[in-house]
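Since the structure comes first, as structure tokens, the remarks are kept for the end.
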Amino acid sequence: MHFLLLFSRQGKLRLQKWFTPLTDREKKKVIRDMMMLVLARPQRFCNFLQWRDLKIVYKRYASLYFCAALDNQDNELLTLEVLHRYVELLDKYFGNVCELDIIFNFEKAYFILDEFLMGGEILETSKAAVGVCLEEADTLQETVEEYMSKPAY
Amino acid sequence: MPAVSKGDGMRGLAVFISDIRNCKSKEAEIKRINKELANIRSKFKGDKALDGYSKKKYVCKLLFIFLLGHDIDFGHMEAVNLLSSNKYTEKQIGYLFISVLVNSNSELIRLINNAIKNDLSSRNPTFMCLALHCIANVGSREMAEAFASEIPRILVAGDTMDSVKQSAALCLLRLYKTSPDLVLMGEWTSRVVHLLNDQHMGVVTAAISLITCLSQKNPDEFKTCVSLAVSRLSRIVSSASTDLQDYTYYFVPAPWLSCKLLRLLQCYPPPEDGAVKGRLVECLETILNKAQEPPKSKKVQHSNAKNAILFEAISLIIHYDSEPNLLVRACNQLGQFLQHRETNLRYLALESMCTLASSEFSHEAVKTHIETVINALKTERDVSVRQRAADLLYAMCDRSNAKQIVAEMLSYLETADYSIREEMVLKVAILAEKYAIDYSWYVDTILNLIRIAGDYVSEEVWYRVIQIVINRDDVQGYAAKTVFEALQAPACHENMVKVGGYILGEFGNLIAGDPRSSPLVQFNLLHSKFHLCSVPTRALLLSAYIKFINLFPETKATIQEVLRCDSQIRNSDVELQQRAVEYLKLSSIASTDVLATVLEEMPPFPERESSILAKLKKKKGPGAVSVTELEDSKREGGELNGGGDRGPDTAAMAASNTSTPSPSADLLGIRSAAPVGAAPSSAGSLLVDVFSEAGPTAPSAAVNDDGFLRDLEQPTETSDSLLVEGSGDLDSAPPSEDPAPPLSEADELLNKFVCKNNGVLFENQLLQIGIKSEYRQNLGRMYLFYGNKTSVQFASFTTTVSCPGELQSQLNVQTKPVEPLVEGGAQIQQVLNIECLSDFSEAPLLNIKFRYGGALQNLTLKLPVTINKFFQPTEMSSHDFFQRWKQLSQPQQEAQKIFKANHSMDTEVLKAKLLGLGTALLDNVDPNPENYVCAGVIQTKSQQVGCLLRLEPNAQAQMYRLTLRCSKDSVSRRLCELLAQQF
């Protein structure tokens, strides 16, 4: 996988993960192109596109589009399920996840993704195993109260 | 503000995000962000040391601002500090910031690497994973340098936790992708391969990505993975849908691992071991069988996962291309999907069938689906599916169905999406040409193409139709009639006018017998379009007019009238004005005979690869054009790589010697070296000689310099009689004495210049000869500098260049005589123009004679013009390289030599030499980084020769093995001979 983007129907980028090095300028261009291509497509169209020499696989969940770019020999259908598994993981963590959860806890969305994908490859496909890692992380965390007592800024 | 925030809430961050979301305008947002940035900056700069929590919060805010698309130029140091925190969430945010905003600031990288090192050795698996993630996310060369040797150790260590192993495997993969030279598997190889047997499915899933990538680069070292992969796959395929517990995804056992195993197997040929192969075939059959079983769940996830495995299995079957039974089953399966109600499956089936169409076993089976595919092209609502259908039609096209497919594609073009029109046009043009049995069908098709999608018809397409019409006299009359009819349309595309102008200018006479298309009618028809056309088209039309004057003397008065009017002869465009002036003059001064010679019918174009195919390849990228197509084009005389092509306009004008300037001059590309100052008409046209007295555009003498054009070779009697040596006449050397035989060291001198273009060719006590040369395409220009080293004058100084034997027909070398006197200490210069007509092995000879103090000096050298000078470098991916390498596998196409090193084996020196050779030096192609791999295309006038080179040094033995594969065997041999002397 070359990159994974999450953006809303209104064209707001919610998460960007790059697995191959690109300059900031190229990234901005890719983001723009992806939104233009994907958002313009009617709902029942197929989930795959050819873009330059990459395969684009995208899927819409509620108001949010999940969009991944693959090498030519990668498997499109399985990538759809990568996206789905990621949604499931977010859902498991946040409980009925919605776009707002990802906006306000963007760092968590990145952490969950990191437990699941690394360098664009699947790290762990078992939902339970990813969950365990995240739980472990949370038990390491300091208590909420300790933080809430700190000043806001 | 949402309440949910598990773990640790950062209230300040939530407030800030909420504020940003409430901003009504971009300006308000920027204002809010600037306020926040100022706040954070002051906190970071403040006297009071910040605690970990605050630091984390501010760093997180900066990250948020960055992700909104704003620049962040501070906070890196604070993030790095967070890395050494003992609190997990602080460390985590620190790593996230570094991963997203990595800065190549070396000071920071050192600190980051330190923190990573600490975490890697912490033995705390969560910290180790964080560190590995950071390395993988950044993936820079510095990181690779620091950790590439450490990570394999972690990966195979017995006491490493499974989760860390998984991270280590993928981290290593990432580093291998960026810096393969730093990741040395060596001793670890077999232990890494054996991770395929690991108990933990997660470890296998992660490890197999690494193994697949390594196998692609070093197939031999990893080949033991094949049998392991087959047995692992067989265990998964035969397991019940719930056996694998957590690794079962919607009732499909381990879909990710299955696909990756199938993918890994695609790095290798079919297993040789019969038992392994049998087991694998069984697996593939089971997978195909399962596709026919009723689904275990109605969820789309279930069918996606199942079909993902099926498609991967089909890819493997296509890759093996050796089991007709499986191939046909795969084709039938895809045929079912072509009609599936899921758009995704239809899309993938079309895509997959495209590759299947190029297999000889299944090409016919694919063809049976033609009606379904045509239907898809017509009825699919989704453009990306239609695009795939068009691709498949193109791939399944052969002589038997070409007419049907071309007709369907043409009718689809009328409504096709703009985004794919250009490509469709190219494809139609290629198919029409490739499968044309009668060329009138071809002409009709292309003219239809211009009519339907004129805007998308690129130059290559209309150049090509003209090339073909010129080369086939059986279609010329038909073409003239058809364009004449097409031009009748009140609004016709400019490309149609171009084709029409060109063809009527050449072959209008073939239809002039019919009073409905009499010469004047033809002319009036063309001229009625003139005013609506762009400058290049008008220029072309003017040339067509002058050709009319030759074809039909009765139109002369009318056309002269047109040329004479102010809008032509005083046109503000230099090109048009010049053509008008010259053509007018030509038509009024020249006798009919001269006119007929100058405006003779175009000679046939040399056969070459269709430039359209080259364009399609360029457009689609390598690999997009199927193997059959490459082979076809080779058979048709084209070569590996599509090459530079000249359009008929340029080539035509050059060849037919009509006036006309710049295009033919630019053709050579190296005119800049020629003396400038001539009027724009400096193309050195014959026209110029015809009117040597005068005319407003009388040329300066400089024009003769441009005698690259073959048709200009014959010296005209007047000024060029001094020419010592035309390319052809070998015997015109001064009568006094025969040229000396080549010096004994001539070959050695020649060898010095194989990999360089400039330097001293020869030196003795009297004379020094220096060389500067430049080459482009199949043309070259060489400057020879003769230096008189003595203080005495050389008299009767003459130089002669000759092409012995068959070289005469392979190389065209032209030069002008030098001054016969060379003063003591002086240097004179001579320019050679070289044109490579076809590949050659011998070198041209340079004979020099002069009198020094009464004694005649006579010496002959070999001119360092070697076939490699006409190389054009070709960059290609490793995949393409090997594909082409495989295509050039006939024994005579390969030449190989093993020889002892004569020079330093230093990498940089070798690289410089290989670059000097003129080929592209390809990195990351050869699995062994010590080896060198190059690719290039030799450009000759008659054809292009694709060449691949591999040089394997053995430093210990001080030996090399050199292998060449070229599409022409004589070239392989010659290059091998030449290069064996270089290293």
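All figures in this text were calculated on a predicted structure; none of them were measured in a lab.
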(request) Could you label the plane-to-plane angle of the Y61(A) and H84(A) rings as parallel, tilted or perpendicular, counting under 30° as parallel and over 60° as perpendicular? (result) tilted
Here the gap from K59(A) atom NZ to L83(A) atom CG, rounded to the nearest 0.5 Å, amounts to 8.5 Å
When the 4.5 angstrom heavy-atom criterion is applied to C171(B) and chain A, the contacting part is both
*Less than 4.5 Å apart, any side-chain heavy atom of L262(B) and any of S315(B)?*
no
Within 45° of the axis and under 6.0 Å from the centre of the six-membered ring of F3(A), does NZ or CZ of K17(A) qualify? no
Honestly, the part of F48(A) sitting under 4.5 Å from a heavy atom of chain B is both
Whatever's closer than 4.5 Å to a heavy atom in chain A on E351(B) counts as side chain
When every non-hydrogen atom of Q166(B) is compared with those of L123(A), the smallest separation belongs to NE2-O, 2.8 Å
Whatever's closer than 4.5 Å to a heavy atom in chain B on R85(A) counts as both
Under 4.5 Å to a heavy atom of chain A? For L132(B) that would be both
Cut-off 4.5 Å, heavy atoms of chain A, and the answer for R263(B) is side chain
Cut-off 4.5 Å, heavy atoms of chain B, and the answer for Q16(A) is side chain
Honestly, the part of L117(A) sitting under 4.5 Å from a heavy atom of chain B is backbone
Ranked by heavy-atom pairs below 4.5 Å to chain B, first place among L80(A), D24(A), L13(A), I103(A) goes to I103(A)
Does the ring centre of W256(B) sit less than 6.0 Å away from the ring centre of Y249(B)? yes
Heaviest contributor of heavy-atom pairs below 4.5 Å to chain A, chosen from L63(B), N304(B), N137(B), is N304(B)
Okay, P21(A) and chain B: the region with an atom under 4.5 Å from a heavy atom over there is both
| query | Is there side-chain contact between L78(A) and F311(B), with heavy atoms separated by less than 4.5 Å? | reply | no
Most heavy-atom pairs under 4.5 Å with chain A, out of E312(B), R21(B), R174(B), H133(B), belong to H133(B)
If one checks every heavy atom of L173(B) against chain A at 4.5 Å, the contacting part turns out to be side chain
Okay, E81(A) and chain B: the region with an atom under 4.5 Å from a heavy atom over there is both
If one checks every heavy atom of R52(A) against chain B at 4.5 Å, the contacting part turns out to be neither
Whatever's closer than 4.5 Å to a heavy atom in chain A on L348(B) counts as side chain
_Backbone N/O of A349(B) and side chain of S352(B): donor-acceptor pair under 3.5 Å_ = no
Closest non-hydrogen contact found for I56(A) with C67(A) is CG2-SG, 3.8 Å
d(Y347(B) OH, E380(B) CD) to nearest 0.5 Å is 12.0 Å
Interface check, chain A: of S140(B), S209(B), A305(B), most non-hydrogen pairs under 4.5 Å belong to S209(B)
request  = Start with the C-alpha distance between F64(B) and F106(A), add both sets of side-chain angles, then the distance that settles ring pair (Phe, Tyr, Trp, His ring centres under 6.0 Å), and finish with yes or no.
outcome  = CA-CA 8 Å; F64(B) 180 77; F106(A) 69 94; 5.4 Å; yes
Of A206(B), S167(B), A136(B), the largest count of non-hydrogen pairs under 4.5 angstrom with chain A goes to S167(B)
Note: vs chain A, highest number of non-hydrogen pairs under 4.5 angstrom among T343(B), N344(B), L345(B) is N344(B)
Rounded to the nearest 0.5 angstrom, the NZ-CG distance for K177(B) and L172(B) is 11.5 Å
